[in-house]
Amino acid sequence: MSYNYKEIEKKWQEKWYKERTFNAKDDYTMKKWYGLIEFPYPSGQGLHVGHPRSYTALDIIARKRRMEGYNVLYPIGFDAFGLPAENYAIKNHIHPRIITEQNINHFREQLKSLGFFFFFSREINTTDPNYYKWTQWIFIQLYKKGLAYKATMPINYCTGCKVGLANEEVVNGVCERCGSPVVQKEKSQWMLKITDYAERLINDLDDTEFLEKIKIQQKNWIGRSEGAEVKFKIDGEDEELLIYTTRPDTLFGATYMVVAPEHPIIDKLSSKITNMDEIIEYKNKSSLKSDFERSELNKEKTGVEIKGITAINPLTGKQIPIWVSDYVLITYGTGAIMAVPAHDSRDFEFAKKFGLPIIQVVDGKNVDLSKEAYTDVETGVLINSGFLNGMQVSEAKEKVISYLEKNNIGTKKVNYKLRDWVFSRQRYWGEPIPMVYCEECGWVPIPESELPLVLPEVENFEPGENGESPLAKQTDWISTTCPHCGKPAKRETDTMPQWAGSSWYFLRYMDPHNDKELASKQALEYWSPVDWYNGGMEHTTLHLLYSRFWHKFLYDIGVVPTKEPYFKRTSHGMILGDNGEKMSKSKGNIVNPDDIVRDFGADTFRVYEMFIGPFDGAAPWSMDSIRGCSKFLDRVWSLQDILVEGDTYSPEFEKMIHKAIKKVSEDIEEMKFNTSVATFMTMVNEFYKLKRINIAEFKTFLQLLNPFAPHITEELYSKISNVTIAETSWPKYDESKTIDESIELPVQINGKVKQTIQIPLDSTQEDVKKIIEQNDVLKSLISGKNIIKEIYVKNKIYNIVIK
RNA sequence: GCGGAUGUGGCGGAAUUGGCAGACGCGCUGGUCUUAGGAACCAGUGUCAACGACGUGGGGGUUCAAGUCCCUUCAUCCGCACCA
């Protein structure tokens, strides 16, 4: 028989959200716990079944923490700027604000229908001027500290969205959002100097409890490498070519140089270059290539020798040719390299193709330089390398760097793959960048007293022809006066990227209605840092890195009290369609959360998503399995039919309950929710086996299950108690009562289990042996055989080796 | 190419330090009750030539004992990708 989940869930949700049961307390002397999930983008499709996986997980932890006596903060909000609303606005001529508001209302109802512990009283919305006032304020602080700057540089330009993108938003040469090709375009952009924080963004990971794979991915993304910068003289000129290398030890093997097509030396020495036409042609060809084409063509190297100039290898003194090739990137290192074809596979390939000399400088076993480069680092001995001969690679690196530094031809240098953050978007639906351009004073931030700089109302949301922001057409709004000199000036028309609002939202939750500061000092002191942040792996190199950067900056200017925003970061796996593929409209395998709540109830939905598999892994949806969870809750409901009196655990169940408290308590901390649910199911099976459960047992069981299935458990609890589960304390277990006095010991003969015998806990080998000798089956197996060895591992196993 | 994972019944998945492989759920088989069953309950369910043997992607090794440790190999997924 099914319980009436519709009525019960509605009843408890009304109580929770109307009475604001979950609000954090303002008592800053209590121990606190701040749990955070990534706030959703309120898309028109509504909630996805993937959202509740993460939300339920931290909801469980939040509810447990509250029962453990913590002052809990588990907030929710909406990351509501973004392209889908804007694109919808362009198509349907509805203001994005209106669509966003509708979507948020829909999302909020959906979230409430799942009974989350969220504090809707603290709800935030990144598109609310009272919120983005502080996003703009942070930008101005960044500007004041020189961390926001305008630069004209080649940017990734999406031909579909007509907007500049950050490197992180370009996937396989196409736009992450719309899939259109991305090309390079020169544009004046606001940039944020995240590279200044590269070292700290790596090092401070040590102070956090992020999952190891998250730390590794961030470190790889930042891409720190140690090496040297070396100056190569241009023969007969007063010019030098600066290169970066991680293998300064191989300098004697540098037989040619390569510069990126965009390298300034080409223009600088154009009068000396004899094949300028050829070079220009090559430059043009490579600038037309999109990122996608460049990586597509990465098998076949192209390039042109720059004739008329040569460089001098500073160690050998020999003249070496300079080439231009797009396998060297202007954006990394110095945009120029020394090529050591013997020990770098790209240089090797290039040298082979163009017949350039290959000189081996590191000796190694089984090296065949006619086939491939020998790139094994840190092993091998230097040869053909003058004063480095005979040294190990690591030693040679040190020696050559000190030689370079002494002779002023090079320095030790650390490089990063991370680049500065392109912060401008030529779009309407984003935070206006609070800057004014004055012919006299240059860029000037608007006075902080004028914040927020509100988005102007516009009629037309289409981007301009030349990739201009829609705001560029708002001449009234653009015209202003310079805050510095008072002369006529123009506002910046670009807006901020979607990552802006989400880079600090967790701070606003601490004090969401403050109109004097982004949050009060006391609130920041008390709630910082976020204790536990769960989100998707896809945000590891974008949102997570950006927000750590902003937070470190806010720490530096004394706004926030901690170096790191998040103490612990975990991630959830994706929920796939029932065919094992990612849910998508085109595949027709989308599951709508509303349907699940309607057909099975929120509690079943929550329990199922926790039972579906290991939290960290991808898991396919299964309508059959969700029925199993529905059945389980029906059986929980029917436990009241076999309920008997009793205010202590009965002897039959005492062990099981203590063990379950331990197991579930530990599982929740380790996010092993699936095995917790299995524990609940086993318990219910046991109660039905004896056809009884007493009130004490029932109460504990309901408390343990409550974070997973809050509605049904509160309803059942209300029938036997006049307090709610939320007001009770998390059950405690007695370690001694989780241990059995008598255990089943497997006995093996030659490693195969033949019998299990009952023995008292902690029996000695002699005692166990006596029992074995009285066992007929074992006796007959051993008799007449030669016992070679007997192994007894206390309370685990007894193995007899016979011949 | 580099980095990160994963591989266990028909399916989703369990399994402290190496110590009874397959918990829990789905599905399936048989039964009970029912006018009926996409309901409930009971029993069974790794494989096979079944009182035994074999079984955690494949091959090898260490060990009294390996899903777990070591070597090697294959497959799949994810992230990055000419980063010097």
Side-chain angles (χ1 to χ4, degrees), chain A residues 1-2 167-168 171-173 211-214 216-217 219-221 223-225 227 243-247 250 254 258 260 291 294-295 297-299 301 325-329 331-340 343-347 349-350 375 415-419 537-538 540-541 573-574 578 580 607-608 611-614 616-629 631-632 634-635 638 666 672 674-685 688 744-756 788-802:
Chain A
M1 190 200 62
S2 297
N167 293 315
E168 289 82 346
V171 177
N172 291 330
L211 289 184
E212 201 52 38
K213 64 176 177 181
I214 295 172
I216 289 168
Q217 204 172 308
K219 282 180 191 166
N220 288 346
W221 186 263
R224 183 184 196 275
S225 67
I243 62 99
Y244 173 73
T245 178
T246 55
R247 296 293 305 273
T250 62
V258 188
D291 270 7
R294 274 205 186 191
S295 54
L297 296 169
N298 79 28
K299 276 164 200 123
K301 300 241 178 314
S325 171
D326 61 9
Y327 86 87
V328 172
L329 308 173
T331 46
Y332 182 76
T334 61
I337 61 155
M338 67 173 197
V340 185
H343 304 290
D344 180 283
S345 48
R346 296 151 304 178
D347 297 346
E349 201 187 313
F350 194 81
T375 55
N415 238 317
Y416 303 93
K417 288 189 214 172
L418 185 72
R419 319 226 188 112
M537 275 312 277
E538 71 274 19
T540 304
T541 52
M574 225 193 304
D578 53 9
V607 168
Y608 173 62
F611 189 58
I612 196 166
D616 210 18
W621 186 268
S622 158
M623 277 302 175
D624 283 331
S625 290
I626 198 169
R627 278 189 195 101
C629 294
K631 188 171 138 185
F632 161 67
D634 285 342
R635 276 161 70 79
S638 302
E666 289 171 359
K672 290 161 78 177
N674 52 336
T675 50
S676 283
V677 175
T679 304
F680 297 136
M681 288 171 169
T682 309
M683 288 174 91
V684 169
N685 292 344
Y688 277 110
E744 276 197 350
L745 186 82
V747 180
Q748 300 180 325
I749 308 273
N750 289 342
K752 305 275 179 209
V753 177
K754 295 293 172 187
Q755 284 277 293
T756 57
I788 296 167
K789 201 170 181 181
E790 283 172 85
I791 299 108
Y792 173 58
V793 182
K794 199 190 260 181
N795 304 327
K796 289 279 187 206
I797 204 137
Y798 199 104
N799 190 9
I800 304 164
V801 185
I802 58 171

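Numbers restart at 1 for each chain; the letters A, B, ... are given by sequence-line order, proteins then strands. Because the structure is a prediction, the values reported are computed rather than measured.
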Could you tell me how far A65(B) sits from C20(B) if I compare only their P atoms? Round to whole Å. 15 Å
Length of the line joining Lys752(A):NZ and A53(B):C1', which is rounded to integer Å: 9 Å
Reckon Lys631(A) has a side-chain N or O less than 4.0 Å from the OP1 or OP2 of C26(B)? yes
Would you classify Asp347(A) as touching base, sugar-phosphate or nothing, given that sugar-phosphate means primed atoms plus P, OP1 and OP2, and contacts are heavy atoms under 4.0 Å? nothing
Can you tell me if Ser625(A) uses its side chain to pair, donor with acceptor, with the backbone of Ser622(A) under 3.5 Å? no
Starting at CG of Asp616(A) and ending at C1' of A5(B), how long is that distance when rounded to a whole Å? 9 Å
Can you check whether Thr375(A)'s main-chain N or O pairs, donor with acceptor, with Asp344(A)'s side chain at less than 3.5 Å? no
Can you tell me how far the CG atom of Asn415(A) sits from the OG1 atom of Thr334(A), to the nearest 0.5 Å? 8.5 Å
A40(B) to A49(B) separation - P atoms, rounded to the nearest Å: 35 Å
Ignoring hydrogens and angles, tell me if any N or O in the side chain of Asn799(A) forms a donor-acceptor pair with the backbone of Gly751(A) under 3.5 Å. yes
Measure from the side chain of Tyr332(A), starting at C-beta and using heavy atoms only, and say which of A84(B), C80(B), G25(B) lies closest. A84(B)
Set of residues satisfying ring pair (Phe, Tyr, Trp, His ring centres under 6.0 Å) with respect to Tyr798(A), sequence neighbours excluded: Tyr792(A)
Taken in chain and number order and not counting sequence neighbours, the residues that satisfy side chain to side chain donor-acceptor pair (under 3.5 Å) with Asp578(A) are none
Using nucleotides 1-4 of chain B, report all nitrogen or oxygen pairs with the protein that are shorter than 3.5 Å.
from	atom 1	to	atom 2	distance (Å)
G3(B)	O2'	Asn220(A)	ND2	2.8

Assign A5(B) to syn or anti; the rule is syn for a glycosidic angle within 90° of 0 and anti otherwise. anti
5'-most by nearest nucleotide on RNA chain B - Thr679(A) or Ala618(A): Ala618(A)
Against the side chain of Asn685(A), the closest entry in C24(B), C41(B), C64(B) is C24(B)
Partner nucleotide, any strand, of G27(B) [Watson-Crick/G-U, under 3.5 Å]: U45(B)
Check the surroundings of atom CE in Met537(A): do more than 12 heavy atoms from other residues, nucleotides or ligands lie under 6.0 Å from it? yes
Which whole-number value in Å describes the distance from Glu538(A) CD to A5(B) C1'? 16 Å
Sequence neighbours excluded, which residues qualify as ring pair (Phe, Tyr, Trp, His ring centres under 6.0 Å) partners of Phe611(A)? none
Scan Thr245(A) against the nucleic acid and name what it touches under 4.0 Å (heavy atoms): base, sugar-phosphate only, or nothing. sugar-phosphate
Which residue lies more 5' along RNA chain B, comparing Ser625(A) with Asp344(A) via nearest heavy atoms: Ser625(A)
From CD1 of Ile802(A) across to P of A65(B) the rounded distance in Å is 14 Å
Please state whether the phosphate of G27(B), meaning OP1 or OP2, lies under 4.0 angstrom from any side-chain nitrogen or oxygen of Arg627(A). no
So, Asp624(A) and Arg627(A), do they make that salt bridge, N to O below 4.0 Å? yes
Counting N and O atoms only, with roles assigned by atom type, does the side chain of Tyr688(A) sit under 3.5 Å from a partner on the main chain of Arg635(A), one being a donor and the other an acceptor? yes
Heavy-atom protein contacts under 4.0 Å, nucleotides 16-23 of chain B, coded B base, S sugar-phosphate only, - none: -B-BB--B
Return the value, rounded to whole Å, for the distance between atom CD1 of Ile243(A) and atom P of C82(B). 19 Å
Searching all strands shown, indicate the nucleotide that pairs with G1(B) (Watson-Crick or G-U wobble; both distances under 3.5 Å). C80(B)
Base orientation of G9(B), syn vs anti, 90° cut from 0: syn
Would you state whether a donor and an acceptor, one from the side chain of Lys417(A) and one from the base of C80(B), lie under 3.5 Å apart? no
Going by the rule ring pair (Phe, Tyr, Trp, His ring centres under 6.0 Å), which residues pair with Tyr608(A) if we only count those two or more places apart in sequence or in a different chain? Trp621(A)
Of the candidates A53(B), A84(B), C82(B), the side chain of Lys754(A) sits closest to A53(B)
Roughly how many Å is it from CD1 in Ile612(A) to C1' in C26(B), rounded to a whole number? 12 Å
Distance check needed: A43(B) C1' versus Tyr688(A) OH, whole Å only. 19 Å
Per atom distances to the Pro614(A) side chain, the nearest of C41(B), G13(B), C80(B) is G13(B)
Could you check how far CG of Asp578(A) sits from P of C11(B), rounded to whole Å? 16 Å
May I ask you to say what Ile788(A) touches in the nucleic acid, namely base, sugar-phosphate or nothing, with a heavy-atom cut-off under 4.0 Å? nothing
